[in-house]
Number of protein chains: 2
Amino acid sequence: MKLSTKGRYGVRAMFDLALHEGDGPIPLRSIAERQNISEHYLEQLISTLRNEGFVESVRGAHGGYMLAKNPEEITIGHIIRALEGPISLADCVAGEESNCDRSSNCVVELVWNQVKEGIDEVLDSITLEDIRQEAINAKQEGEQHGYMYHI
Amino acid sequence: MKLSTKGRYGVRAMFDLALHEGDGPIPLRSIAERQNISEHYLEQLISTLRNEGFVESVRGAHGGYMLAKNPEEITIGHIIRALEGPISLADCVAGEESNCDRSSNCVVELVWNQVKEGIDEVLDSITLEDIRQEAINAKQEGEQHGYMYHI
DNA sequence: ACAAATCCCGAGTGGTATGGTATGATTAAT
DNA sequence: ATTAATCATACCATACCACTCGGGATTTGT
């Protein structure tokens, strides 16, 4: 069970935007360069992020992307679910139509639901602001000890 | 982010074995029939489960599979990790070699690790015995209300 | 001895998702 | 007009998933 690049790149891109909050629209190219992600590919990801209302875009020259909400309001759960669809360990949990012949009364289904809720809780407990703070702390600590902390 | 059938089928098969604990070796065919899983496919899954030490096998006629440990000692995290590999949201967390150029000091890596630990905790909080109890309770309740609970 | 039941093992396969490229259109600043 | 950027769509190679197939090897009943 692993996240695909969609979720991972998405979180990194949003984290990058959070670091540059207030700097006006950030062009995709600079995000892609800093995060070392294919620009064209990232385009597709950020496009769905825009449709879901997590980023705003400004077209044309000097355009780019900005967070549409405060970093405290965006969790990595939001980002990951937007890009990868709902966390669903079994089809019967997320899908509308249960194709399981055990139909409505299935014990294992209860378990998957339990797990799904647990994972969602974990993912939604981490906001972009949390990560930003962590990055700032790490950077300061790094400077004190004489090494560079890559952000 | 979803579990593949490996993990799902694996948990269901192990749950089935837990329900028949003490009945001697359970032939794969009966598990496959009850759980409606391809027998050959399940064979591959239970084979790795055997190699990982979660089930024991008895060969020959009247053979089959049995849990190698008590149901309280087997979590669905054990089963899922055995069949699907470690929960790794990013490669830099699970893999031995970090192919990320941000190398050792990466903030996002910290986040993935946090999430991974959270998910592992959720998965390891549910044992086969828990599911068995849930099944028994559900069955009794179903009988009281006059409907069949499928196990 | 023989047949049936069962586990064991590895190779092959069609479909789908992943992780992108390629090409071009649209919009806005200079 | 030119350049910088977002938007949109189509395409593609590869890998993985969810099996199937074809056979062994081993034990038990008769």
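The sequence lines fix the lettering, A, B, ..., with proteins before strands; numbering per chain opens at 1.
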Hey, does the side chain of [X] come within less than 4.0 Å of [N]'s phosphate (OP1/OP2), counting only N and O?
X	N	value
B:Ser4	D:dC16	no
A:Ser38	C:dT21	yes
A:Arg50	D:dC7	yes
B:Ser47	C:dC8	no

Hey, what do you get for [atom1] ([X]) to [atom2] ([Y]), rounding to the nearest 0.5 Å?
X	Y	atom1	atom2	value
B:Ile74	B:Ile79	CD1	CD1	6.5 Å
B:Trp112	A:Ile76	CH2	CD1	5.0 Å
A:Arg81	B:Met1	CZ	CE	9.5 Å

Atom-to-atom span, [atom1] of [X] to [atom2] of [N] - whole angstrom:
X	N	atom1	atom2	result
B:Leu17	C:dC7	CG	C1'	14 Å
A:Tyr65	D:dC7	OH	C1'	7 Å
B:Ile46	C:dC9	CD1	C1'	15 Å
B:Arg8	D:dC19	CZ	P	9 Å
B:Met1	C:dT18	CE	C1'	17 Å
B:Leu45	C:dC8	CG	P	14 Å
A:Tyr9	C:dT18	OH	P	13 Å
A:Lys6	C:dG20	NZ	P	12 Å

Distance-only polar pair, side chains of B:Ser4 and B:Glu84, donor-acceptor under 3.5 Å: yes
Between A:Leu128 and A:Ile126, is there a shared hydrophobic cluster once you connect ILVMFWY residues whose side-chain heavy atoms come closer than 4.5 Å? yes
Can you confirm whether [X] sits close enough to [Y] that some side-chain heavy atom of one is under 4.5 Å from a side-chain heavy atom of the other?
X	Y	result
B:Met14	B:Leu67	yes
A:Gln35	A:Tyr9	no
B:Tyr41	B:Lys6	yes

Enumerate the residues from residues 25-32 of chain B whose closest heavy atom to DNA chain C is under 4.0 Å, giving them by residue number; use none for an empty result. B:Ile26, B:Pro27, B:Leu28
If you find the nucleotide of DNA chain C closest to B:Gly64 and the one closest to A:Tyr41, which residue's nucleotide is nearer the 5' end? B:Gly64
Partners meeting side-chain hydrogen bond (donor to acceptor under 3.5 Å, both in side chains) with A:Asn137 (sequence neighbours left out): none
Take nucleotides 22-30 of chain C nucleotide by nucleotide from the 5' end and write B, S or -, depending on whether a protein heavy atom sits under 4.0 Å from the base, only from the sugar-phosphate, or from neither. -B--BBBSS
